[in-house]
Amino acid sequence: MSKLAARGIVHKYGNNVDTDVIIPARYLNTSDPKELASHCMEDIDKEFVNKVKSGDIIMGKDNFGCGSSREHAPIAIKESGISCVIACTFARIFYRNAINIGLPILECPQAANEIKAGDEVDIDFDSGRITDITTGRVYTAEPFPDFIKDIINKGGLLNSIKK
């Protein structure tokens, strides 16, 4: 299995970032990932789509992805170029939807509380090691079990079943 890693700049948000601000309901008339990504986070951060770069990381606090069970939310995040979401905690349905579409997410309260917006972060998913390149601080999240790494490596649950 290939090594799963990410490196990017942090875009930081607070508690209870719900699916309605990740992708507002007014855009749910499409399932086109690129169209969804073009509106990602716009109700909480109007400049997100202009400043996000491929590989960047979203960081939230408690209950990230709460609200409706729409799969559109993790799809919009992934398609926008985000390589990982780190939070203190995730809403259960969002967590599962993210894994199902191949978006890596990690729970690490210490990292989510201490790492600042704009910091550069390196993530080794095999060990759960999160390194804040900007400050030199290292944090540890629970690494993914092999079956979840396989789903993410193959781009989501449906792709992992096909292969």
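The structure displayed is predicted, hence computed values, not measured ones.
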Write down the atom of Ala37, the atom of Ser80, and the distance for their closest heavy-atom approach.
-> CB-N, 3.6 Å
Does a side-chain N-to-carboxylate-O contact under 4.0 Å join Arg70 and Asp20?
-> yes
Note: Asp43 and Lys46 closest approach over all heavy atoms is OD1-NZ, 4.4 Å
In terms of heavy-atom contacts, Gly102 and Ile152 come closest through O-CG2, 3.9 Å
Derivation and outcome, side chain to side chain contact (heavy atoms under 4.5 Å, CB included), residues Leu157 and Ile99 = CA-CA 7 Å; Leu157 183 61; Ile99 298 302; over 6 Å; no
Gap between atom CD of Glu79 and atom CG of Asp32 - 0.5 Å precision = 8.0 Å
Out of curiosity, Ile77 CD1 to Ile82 CD1, how far, rounded to the nearest 0.5 Å?
-> 7.5 Å
Taking the side chain from Lys12 and the backbone from Gly118, do they hold a donor-acceptor pair closer than 3.5 Å?
-> no
Could you go step by step and tell me if Arg26 and His39 meet the side chain to side chain contact (heavy atoms under 4.5 Å, CB included) rule?
-> CA-CA 10 Å; Arg26 62 189 174 273; His39 300 288; over 6 Å; no
Spatial distance of atom OG1 (Thr131) from atom CZ (Arg7) [nearest 0.5 Å] | 9.0 Å
Donor-acceptor contact below 3.5 Å, side chain Thr19 vs main chain Ala73 | no
salt_bridge(Lys116, Asp132) N-O dist < 4.0 Å | no
Nearest-0.5 Å distance that lies between atom CG in Asn29 and atom NE2 in His72 | 8.5 Å
Identify each donor-acceptor pair in which a side-chain atom of residues 59-67 lies under 3.5 Å from a protein atom, sequence neighbours left out, and give them as a table.
from: Lys61; atom 1: NZ; to: Asn113; atom 2: OD1; distance (Å): 3.2
from: Asn63; atom 1: ND2; to: Asn16; atom 2: OD1; distance (Å): 3.0

Measuring from Ile148:CD1 to Ile105:CD1, what's the distance to the nearest 0.5 Å?
-> 8.5 Å
Okay, side chain of Asp56, backbone of Gly81: is any donor-acceptor separation there less than 3.5 Å?
-> no
Counting only heavy atoms not in Arg129, do more than 12 fall under 6.0 Å of its CZ?
-> no
Value rounded to 0.5 Å, distance of CG in Asp126 from CG in Asp146 = 8.5 Å
Does the side chain of Tyr139 come under 3.5 Å of the side chain of Glu114 through a donor N or O and an acceptor N or O?
-> yes
Ala141 to Glu107 - nearest heavy-atom pair and separation | CB-O, 3.6 Å
For Ser83 and Ile57, work out which heavy atoms get closest and say how close.
-> OG-CG1, 3.8 Å
Ile151, Ile93: one ILVMFWY side-chain cluster at the under-4.5 Å cut-off?
-> no
Mark yes or no for whether Asp18, through its side chain, and Val21, through its backbone, hold a donor-acceptor pair below 3.5 Å.
-> yes
Could you pull out all residues at least two apart from Phe48 that satisfy ring pair (Phe, Tyr, Trp, His ring centres under 6.0 Å)?
-> His11
Among Ile58, Val121, Ile86, Thr134, whose side chain to side chain contact (heavy atoms under 4.5 Å, CB included) with Val10 holds?
-> Val121
Validation row: Met41, Val52 side chains within 4.5 angstrom (heavy atoms) | no
Nearest heavy-atom neighbours spanning Ile101 and Pro74 = CD1-O, 3.5 Å
Look at the side-chain heavy atoms of Ile, Leu, Val, Met, Phe, Trp and Tyr, link any pair under 4.5 Å apart, and say whether Ile9 and Val49 land in one connected group.
-> no
Set of residues satisfying ring pair (Phe, Tyr, Trp, His ring centres under 6.0 Å) with respect to Tyr13, sequence neighbours excluded | none
Ser38 vs Tyr27 side-chain heavy atoms within contact, under 4.5 Å = no
